[in-house]
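This is a predicted model, so every value here is computed, not measured. So you know, we letter chains A, B, ... as the sequences are listed, proteins then strands, and number each from 1.
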Protein chains: 2
Amino acid sequence: MVKAVGKRYGQVDQGVPAHVRLASALRDTIASGELLPGDLLPGDAALMDATGLARGTVRQAVATLRAEGLVQTRQGARTSVLQRPRLQPFSELLSFTAWARQQGANPGARMVELVRRSVDPAVAHELRIGDNDLVWTMVRVRLLDGVPVMVEHAAYPERIGALLVDADLEAGSVYAALAEHGIEVASGHHRISAIAAEAADAELLRARPGTPLLRQERTVFASDGTPIEHSDDRWRGDSIVLDAVNSVQGSQLARRAPD
Amino acid sequence: MVKAVGKRYGQVDQGVPAHVRLASALRDTIASGELLPGDLLPGDAALMDATGLARGTVRQAVATLRAEGLVQTRQGARTSVLQRPRLQPFSELLSFTAWARQQGANPGARMVELVRRSVDPAVAHELRIGDNDLVWTMVRVRLLDGVPVMVEHAAYPERIGALLVDADLEAGSVYAALAEHGIEVASGHHRISAIAAEAADAELLRARPGTPLLRQERTVFASDGTPIEHSDDRWRGDSIVLDAVNSVQGSQLARRAPD
DNA sequence: GATCAAAACGTGTCCAGACAGGTTTCCCCA
DNA sequence: TGGGGAAACCTGTCTGGACACGTTTTGATC
């Protein structure tokens, strides 16, 4: 078993740090079914033998898997495999276009509006601007294989929105357009809730008013910590599921009463 | 600024590992507002001076904050603060009772049924039992300050359910009851979607059929990796918001099309 | 004031060593 | 066969050292 890990370690691209290589080899061994949930990973000493790495480096690789929720560790006891669904990179989580393509569907967008106006104080607060400042707001319908599945209400600070006015937002992704101007997204906060469709959204989604929508509000930050987008995606309830994994060793999900 | 960190480090309980202490001191410094999003943390050398710790230990504390999504790091550049909402421990995320109490509300439960029966194949699969095996299934209404906010449909493998039949599940928490028998929860998978209330759930929640519900399905695993619960919580849409944080350095949330 | 190169700074990685303490296995005895 | 203790195993922590490499600042020149 430790031989399988060592073999995989030897097959991973040597241009990456050793601890990343080993984490990848372990991840692949788990994904292959050779290690099942509840099974024990090789210990530090065995992994050191199989890879020629120092113990600190081995520990770092295992710590990476722990932070991903793949394994569980306990002092004195062998590290064990946890079960988890497939997750996705942040970029894919953010971008409707990337997500649709990853699942083999044809993404589409229909622009409803892109205007400069002021927004309500809660959104202004999220974007860290004054209540009366102007922002660029956009409404788009997002389609999968021609079927409307989501209405997106997004707000951008002036300097960000200005980069988008000339972009083709029916064919491409906001984030791709921003990346062309050197703006990279780094993190986001999501707020998830269930709402009843109002008349305008219902019409855009070809559904009855009152139909349940999964509401996904999001504030997205650039790598310098400034907010670059506040969006409010309203998905047809029958079009999406969100998966999340959590463990006592790391949880990025929280429940609260509404504001 | 680094003095503030050093002072906080000195105030943290010495019974915990040094890297945990430092991570806590840094977390508190950020939470206090002394470090704002975009601000730079002191570098390794300054933190070493302020705390007397080795560089490896300092790096480990910073890596902890990075995994939590609190800070962003980049080779050669100073570590910077990211913005994030308050999150909650896993135990609080899982337990309605703990969550309600944490927010100062009075939790309640009304048992609808607790019976042994077989369940549909998808649930059987999640619990890793045969399609015709019997499980304990439970339906409860959960109340906050006497108001019904959630209907919980839960399924337990026989050996787990058997521990619950004698517990007072209107007054207390399933997880607390299991913990009394040495069963500790370790991780979970969540699936989040929006649905329309069926007649039975609507009646229990005192809402109209068709009203939007936030559906939170969950499979919970014990520390040995075995599934101990499959639950399907249906929350009134107006009673709950789920917060999640994500970054390019770690994301535990994923979007997919429904099965 | 602008530009460029070098120096200083800061982070990422990796190593070897040592100690603490929890878990698991093995052996012995009743 | 069951229980207890010791040994072996395993993970968690911490240290100091060194090298690689990316970022920021400084100083010199035009």
Using heavy-atom distances to pick each residue's nearest nucleotide on DNA chain C, tell me which of A:V20 and A:A77 is more 5'.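 The 5'-side residue here is A:V20.
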
Given 3.5 Å as the limit, does a donor-acceptor pair link the side chain of [X] with the main chain of [Y], or not?
X	Y	result
A:D49	A:A46	no
A:T57	A:L53	no
B:R78	B:L41	yes

Whole angstrom value for the distance that separates [atom2] of [N] from [atom1] of [X]:
X	N	atom1	atom2	value
B:Q72	D:dT23	CD	C1'	14 Å
B:L41	C:dC9	CG	C1'	16 Å
A:D44	C:dG22	CG	P	18 Å
A:L22	C:dT13	CG	C1'	14 Å
B:L40	C:dC9	CG	P	16 Å
A:Q60	D:dT11	CD	C1'	16 Å
A:L47	D:dC9	CG	P	16 Å
B:Q14	C:dA20	CD	P	17 Å

Side chains of B:Q216 and B:H190: is there a donor and an acceptor less than 3.5 Å apart?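 Result is yes, a qualifying pair exists.
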
Does atom CG of A:N132 have more than 12 heavy-atom neighbours, drawn from other residues, nucleotides or ligands, at distances under 6.0 Å?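 Not buried by this count: 12 neighbours or fewer within 6.0 Å.
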
Could you list all N or O pairs between the protein and nucleotides 16-20 of chain D that sit under 3.5 Å apart?
unit_1 : atom_1 : unit_2 : atom_2 : d
D:dA18 : N6     : B:R55  : NH1    : 3.4

Would you say that A:E229 contacts A:I160 through its side chain, given a criterion of any heavy-atom pair below 4.5 Å between the two side chains?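 The answer is no; the side chains never approach within 4.5 Å.
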
Please state whether the phosphate of [N], meaning OP1 or OP2, lies under 4.0 angstrom from any side-chain nitrogen or oxygen of [X].
X	N	answer
A:T57	C:dC15	yes
B:T79	C:dT11	yes
A:R78	D:dC10	yes

Considering every strand and a 4.0 Å limit on heavy-atom distances, what is the contact class for B:A45: base, sugar-phosphate, or nothing?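 Contact class for B:A45: none.
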
Is A:E126 salt-bridged to A:R191, cutoff N-O under 4.0 Å?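 Looking at A:R191 together with A:E126, the answer is yes, because their closest N to O distance falls below 4.0 Å.
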
Residues in salt bridge (charged side-chain N to carboxylate O under 4.0 Å, His left out) with A:R21, at least two apart?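 With neighbours one apart ignored, the set is empty.
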
Under-3.5 Å N/O pairs linking protein and nucleotides 3-8 of chain D:
none

Name the closest nucleotide to the B:P17 side chain, picking from C:dT23, D:dT23, D:dT13.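 So the nucleotide nearest the side chain must be D:dT13.
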
Nearest heavy-atom pair of B:R142 and B:A109: which atoms, and what distance?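 Nearest pair, atom of B:R142 first, then B:A109: NE-CB, 3.7 Å.
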
